[in-house]
Amino acid sequence: QVQLVESGGGLVQAGGSLRLSCVASGQTISTLTMGWFRQAPGKEREFVAALSWIGESTYDTDSVKGRFTISKNNAKNTVYLQMNDLKPEDTAVYFCAATRILDQAAMTHLGSYDFRGQGTQVTVSS
């Protein structure tokens with residue numbers, strides 16, 4: 001069983017930055033693919049980024065590539081999402097998820113993940 005706890009969300013003005021953290025317990029993330037998803041009010045859950053345990057990253061190209069960066073610190077068992085140049089449309093609850101899959105297409109689907117956290121709210125004001 002893997003427990004995931006996110007932090008780092010908050011209120012920021014458009015153009016600002018936030019770094020989200022997701023601390024895992026119960027299993028080392030060095031053997032897990034970690035993903036970030038988000039859900040805005042009234043919208044479906046949306047894939048943001050993923051980082052496989054062999055170090056390959058995948059991003060939702062249209063919405064976040066070039067602004068968001070996923071990274072991890074295996075020693076701290078933590079995965080990060082650095083978000084720059086934030087826009088009001090980035091407002092959502094962001095949550096992390098864990099799986100052992102390596103297929104990059106499957107990583108973009110929440111159904112491919114075995115564990116997920118409760119999420120952290122990110123609000124971007126215009």
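In this structure a side-chain-to-backbone donor-acceptor pair under 3.5 Å is present from Asn77 to Ala24. Distance alone, capped at 3.5 Å, places no donor-acceptor pair between the Thr91 side chain and the Glu89 backbone.
In this structure, Ser7 has no side-chain hydrogen bond (donor to acceptor under 3.5 Å, both in side chains) partners at least two apart in sequence or on a different chain.
Within the structure, salt bridge (Lys or Arg N to Asp or Glu O under 4.0 Å) contacts touching residues 36-60 (residues at least two apart or in different chains) are Arg38-Glu46, Arg38-Asp90. For residues 38-57, the ring pair (Phe, Tyr, Trp, His ring centres under 6.0 Å) pairs, not counting sequence neighbours, are Phe37-Phe47. Screening residues 22-125 for disulfide (SG to SG under 2.5 Å) gives Cys22-Cys96 as the qualifying pairs, with residues at least two apart or on separate chains.
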Side chains of residues 99-107: which donor-acceptor pairs under 3.5 Å do they make with residues two or more places apart or in other chains?
{"from": "Thr99", "atom 1": "OG1", "to": "Ile101", "atom 2": "N", "distance (Å)": "3.3"}
{"from": "Thr99", "atom 1": "OG1", "to": "Ser112", "atom 2": "O", "distance (Å)": "2.8"}
{"from": "Arg100", "atom 1": "NH1", "to": "Thr31", "atom 2": "O", "distance (Å)": "2.6"}
{"from": "Asp103", "atom 1": "OD2", "to": "Ala105", "atom 2": "N", "distance (Å)": "3.1"}
{"from": "Asp103", "atom 1": "OD2", "to": "Ala106", "atom 2": "N", "distance (Å)": "2.7"}
{"from": "Gln104", "atom 1": "NE2", "to": "Thr58", "atom 2": "OG1", "distance (Å)": "3.1"}

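Pairing each heavy atom of Ser21 with each of Thr78, the nearest pair is CB-CG2, 4.1 Å. Listed here is the closest heavy atom pair of Gln118 and Phe95: C-CB, 4.4 Å. Of all non-hydrogen atoms in Tyr113 and Ala50, the two that sit nearest each other are OH-CB, 3.6 Å. Pro88 and Ser126 make their closest contact through CG-CB, 3.8 Å (heavy atoms, listed as atom of the first residue, atom of the second, distance).
Other members of the cluster containing Val122 are Val2, Leu4, Val12, Leu18, Leu20, Ile29, Leu32, Met34, Trp36, Val48, Leu51, Tyr59, Val64, Phe68, Ile70, Val79, Leu81, Met83, Leu86, Tyr94, Phe115, Val124, with ILVMFWY side chains joined at under 4.5 Å, either directly or via other members.
Under the 3.5 Å distance criterion, with hydrogens and angles disregarded, a donor-acceptor pair is assigned to the side chains of Ser17 and Asn84. Between the side chains of Gln3 and Ser25, a donor-acceptor pair is found at a separation under 3.5 Å.
Here the CG atom belonging to Asn73 is positioned 11.5 Å from the OG atom belonging to Ser30, to the nearest 0.5 angstrom.
Taking the side chain as every heavy atom from C-beta outward, Gln27 and Gln1 never approach each other to under 4.5 Å.
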